[in-house]
Structures are given as C-alpha cells and as structure tokens.
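One-based numbering along the sequence shown. Excluded from the calculations below are hydrogen atoms, water molecules and symmetry mates; all remaining heavy atoms, backbone and side chain alike, are included. No experiment lies behind these values; they were computed from the predicted model shown.
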Amino acid sequence: MFNFFSGLDSINLLILIFSALIALSMVVVKSRWLNREMALVTDRGIVSVSSTIRRATLSFIRRQYSTASKVMVVIFILLLWMASKGFLSWYTPFAVLSGAFFSALSAYFGMLAATKANAITAFATRLGINKAFKSALNGGSVMGFSVCGFGLLDLAFWYALIKILNPGMPVEELMGIITETIITFAFGASFMAFWARVSGGIFTKSADSAADTVGKGEYGMAEDDPRNPATIADNVGDNANDVAGMGQDLNESYVGGNAASMEAAFYSHGSFMAYFGLTISVATLVMVPLAISAIGILASIIGLATIKVNGNGFRQLLFSVRRGVYLTSFLIALGSFFLSKYAIGNLSLFWPVVIGLLTGNGIAWVSEYYTSSNYRPVKRLAEKATGGGASVIVAGLALGKESVLVTALVLIGGMLGAFFVIGGGDYNLGIYGISLAAVAMLSTLPITLTIDAF
C-alpha cells in the first residue's frame, strides 16, 4: 500500500504549506486585479464615496483591533501564569496568540478588498451585469481564500515548530502534543470572531436603523440615498460586519473544525486499527482532515473558474454559482476517494466526507427553498400580504420555524450517517466520522465564502 503520509516525514508539512501558499497566491492575484480595476474607475462621485467608506471602515477596524489586543494581552499573561503552574503547555499561550493574529489578518485583507470591490462593481454596472458580477466575485474571493490560506498556514506553522522543537520524539507522543496545541489556537480565532461579530454587528445595526429612521422616516429618502450621511455609516457596518466579521467567524469554524478532527483522529487511532485490522501510523489519521482541506482549496479554484455568466437574468447567475459549488463538492469527493483508498487502504474515510458534502449542500438547498421567490413557500407568504400585516407576521413566523426544523433534520441525519458509516457504531470512530463530515462541509469554504462576501 502506497502511504502518502509515511510517518512524520516532510510530505505532511509540504501538503499544508503548498495548499496554504496556493490559497494565498489567489489572494495576491485577485488583489492585484482589484488594484488595476480600481485605477480605471473614473467616476469622481463613486471614488469619493468609496474613499470615505474605506477610511471609516479602516478606522473602525483599527479601533476594534486596538481594544481586542489589549484584552488579548491580559489573556496571554494569564495563560503564561497558568503554564508556569503546570496547568497548561507552554505552547498554549503562544498558540492562542497566533490564532487571534491570523484571524485578524485574514479579515483585514478581505475587508480591504471589499472596499475596493464595492466601487469597482458600482462602476462596472454601467457596462452590464456580467462585468459587475465578475468584479464582485473577484472581490469576494480575497476574503474566501484569505481565511483558508491563513488558517492552514497557522496549522502548518505549529506542526513544523513542534516537530522541530521535539526531535526524536516518538510519533504517538508527538502527535498528542501537536493536536493538543492546535486545538487551543482555535480559541484565539474564536476570541477575534467574538469581537468582530459583536462590535461589528451592533455598529452596523445601529447605523442601519439610524439611516432608515432619519432618511426614510423624517425626510422620505430612498434606501441608501447618498444625501443621507448615515448611509456612509451603514455601508461601513456592512464591510466591518458582513465581510470582515463574517470572515473571522468562519476562520474560527475552519481552524476549529480541522483542529477538532485532528484531535478526534488521535484518540480514535487504536479503535481504527482494531476495527479494520490495519497497521497505520497515527500521523496518517491526524493529517487526513488537513489533506481534505487542501483538496478543497484546489477544488474551489477550479469551481470558481467555472462561474461565468453570459446572460443578464437572475436565474443565469444562480445557475452559474450553483455549478461552481457543485463542481467543487464533486472534486473534493473525488480527491477524498483516492486519499482514502491509497493513504488508508480502504474507503472508510471516504463515506463520511460524502455525507458531509451532501449535508452541506442539502442545508443550502433547504435555505434557498424557504427564502427564494422561485419556490412555493415564499410565494404563499406573499399571497398572505393581501390579508394585512398580522397574517403576514404569523405566516412568516410559521415558515421560519418550519425551515429551521427541516434544516435540523438534515443536519441530524448527516451526523447520524457519518457516525455509523465509519465504524458501525464504535464511539471513537463515530466521533471521528462526524468530524470528517464537518471538515468536508468546511472544505468548500474558499468558494462558498467567496460567494457570501460577493
């Protein structure tokens, strides 16, 4: 059997570094494209408004990061004290710090790209929907690939550092230290995500409410009327929360999902060998989640390249986006097939990945079904509008609860399927199976986050 992860050789680390650099190279390429296009925006009004939004967004982000960093220093000192008392590993304080740093860095790059893409897209609408669509998509891709690229780079950094600082350590013990350390830096990412979502969310909702209250209520202005100063604050909030905040939120999910799956792999290693009768290094199982994420980056690049629009309708746009996401999911499944077959020796790890991909796409379809005007639920709700506000509110609440129930059933079905498909009910293997399904859902993040930021 050809093993892609033969012990702790350099291939493990090279896979992480290569995939992270590929993702970050996409960030560089798309950022340079945005810079070139921004230079072609000749409308002074667009440039002026965009510049104002950009400066205000940078001011908000810097204030947010300044306050968060002060709190992080206190947490860092507390963690150092706990490490000195033997409660934690000495790696933990620095791992938490790096998780926060890379989370903030990914959001910063994504937000910078968004403020440029806003102006480019607005100017490109004069040239047609296709040009505007491409501009927005390229802007969103910076956020999508920044989150995944910096997340994997952080994982690679700690994998390499711990390996270098512990030469000659047995594989089992070394993997234990690596997984315990990696799981902690997800806390740093969670900390920054909390700051971004709470502060950015409160800011954007306050600005939005003020803009609507003053503009619509008192002066009868339209939504986002440029004469309304609060519109600038509203757009700043959209960039700070819906782009930067969302990126940090998903960065936490991305690194946390991978770290949790690596931890589950470490603890299920013995059960895996006993159940399948295979002799496999624990490093193999630990590195599989990261390999799936690496496949996801390459698959997302291909999927993103297929999103092209030649028409001018909403359905054409939606079909193009779907095609890119579905192709990405298929390529991840295909890559996981060969990964499981040749790195493990059977397809035991392939099926949880398939279940995770189907669950993720299933949840997306349920969301679209209950929110798109193309389907019956929204059409039925629109018909209720003729009966007055009360009937719309009641029907809307019922529709919302129904959509949550269906989403929960899909998610529970995916979890149960991933639990039982890998080890027939063995607890440790089942948890590993669920974690792989979660990693598979997150492996499409480069393209799905691109579309979200777009």
Side-chain angles (χ1 to χ4, degrees), residues 1-23 148 152 155-156 159-160 163 171-172 174-175 178-179 257-258 261-303 327-358 360 417-418 420-424 426 428-444 446:
M1 180 183 68
F2 179 75
N3 195 332
F4 288 106
F5 308 106
S6 54
L8 284 177
D9 56 16
S10 59
I11 295 180
N12 292 339
L13 187 58
L14 288 176
I15 289 176
L16 287 179
I17 295 176
F18 176 75
S19 57
L21 291 179
I22 288 293
C148 300
L152 285 184
L155 291 164
Y159 186 96
K163 181 180 177 181
V171 174
E172 189 82 18
L174 185 58
M175 284 295 102
I178 288 176
T179 53
N258 278 279
S261 188
M262 294 170 71
E263 187 86 356
F266 176 76
Y267 285 105
S268 65
H269 176 239
S271 300
F272 188 90
M273 291 195 299
Y275 186 84
F276 292 102
L278 299 172
T279 302
I280 295 178
S281 170
V282 63
T284 301
L285 289 184
V286 167
M287 293 300 294
V288 164
L290 300 179
I292 295 172
S293 296
I295 294 171
I297 288 176
L298 300 177
S300 294
I301 293 175
I302 298 173
L327 177 60
T328 299
S329 299
F330 171 77
L331 292 176
I332 293 172
L334 183 63
S336 299
F337 173 85
F338 290 106
L339 176 69
S340 183
K341 183 175 177 61
Y342 293 108
I344 304 300
N346 58 37
L347 298 179
S348 57
L349 303 186
F350 168 68
W351 299 114
V353 172
V354 172
I355 291 175
L357 292 170
L358 291 175
F420 288 102
V421 75
I422 187 173
D426 181 271
N428 289 329
L429 289 179
I431 295 299
Y432 185 41
I434 293 175
S435 71
L436 284 179
V439 168
M441 294 173 65
L442 290 168
S443 65
T444 63

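Taking all atoms of both residues into account, the shortest heavy-atom contact from A20 to L152 is CB-CB, 4.0 Å. A pairwise comparison of heavy atoms in Y159 and M287 identifies CE1-SD, 3.5 Å as the closest pair. Closest heavy-atom contact between A437 and A418: CB-CB, 3.8 Å. Pairing each heavy atom of M262 with each of L155, the nearest pair is SD-CD2, 4.5 Å. Across all non-hydrogen atoms, the minimal contact from G303 to L327 is CA-CD2, 4.3 Å. Among all heavy-atom pairs drawn from A264 and I431, the shortest one is CB-CG2, 4.2 Å.
With contacts defined as side-chain heavy-atom distances shorter than 4.5 Å, the pair S293/V439 qualifies. Using a 4.5 Å heavy-atom threshold, the side chains of I295 and L331 count as separate. Side-chain contact between L349 and F272 is present, with heavy atoms from C-beta onward closer than 4.5 Å. No side-chain heavy atom of Y432 sits under 4.5 Å from any side-chain heavy atom of S271. Looking only at side-chain heavy atoms (C-beta outward), I301 and P446 stay at 4.5 Å or farther from each other. Between N346 and L278, the closest side-chain pair of non-hydrogen atoms falls below 4.5 Å. Looking only at side-chain heavy atoms (C-beta outward), P289 and L436 come within less than 4.5 Å of each other. Within the 4.5 Å cutoff, the side chain of L339 has heavy atoms near those of the V288 side chain.
S340 places no side-chain N or O within donor-acceptor distance of the main-chain N or O of F337, the cut-off being under 3.5 Å. Listed for the H269 side chain is no donor-acceptor partner under 3.5 Å among the backbone atoms of T284. Judged by distance alone, with hydrogens and angles left aside, the side-chain atoms of T179 form a donor-acceptor pair with the main-chain N or O of M175 at under 3.5 Å. A distance-only check finds a donor-acceptor pair linking the side chain of S300 to the backbone of G296 [under 3.5 Å].
Between the OG atom of S443 and the CG atom of L290 there is a distance of 12.0 Å, given to the nearest 0.5 Å. Between the OG atom in S348 and the NZ atom in K341 there is a gap of 12.0 Å [rounded to 0.5 Å]. For the atom pair Y267 OH and L429 CG, the distance stands at 15.5 Å (nearest 0.5 Å). Atom CZ in F420 sits 11.0 Å away from atom CG in D426 (nearest 0.5 Å). Annotation: the span from S336 atom OG to I292 atom CD1 amounts to 4.5 Å, rounded to 0.5 Å.
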Exercise for the section: Check the pair W351, I422 against side chain to side chain contact (heavy atoms under 4.5 Å, CB included), reporting the backbone distance first and the verdict last. Expected result: CA-CA 7 Å; W351 299 114; I422 187 173; over 6 Å; no
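Applying the 6.0 Å contact sphere to CZ of F276 captures more than 12 heavy atoms from other residues, nucleotides or ligands.
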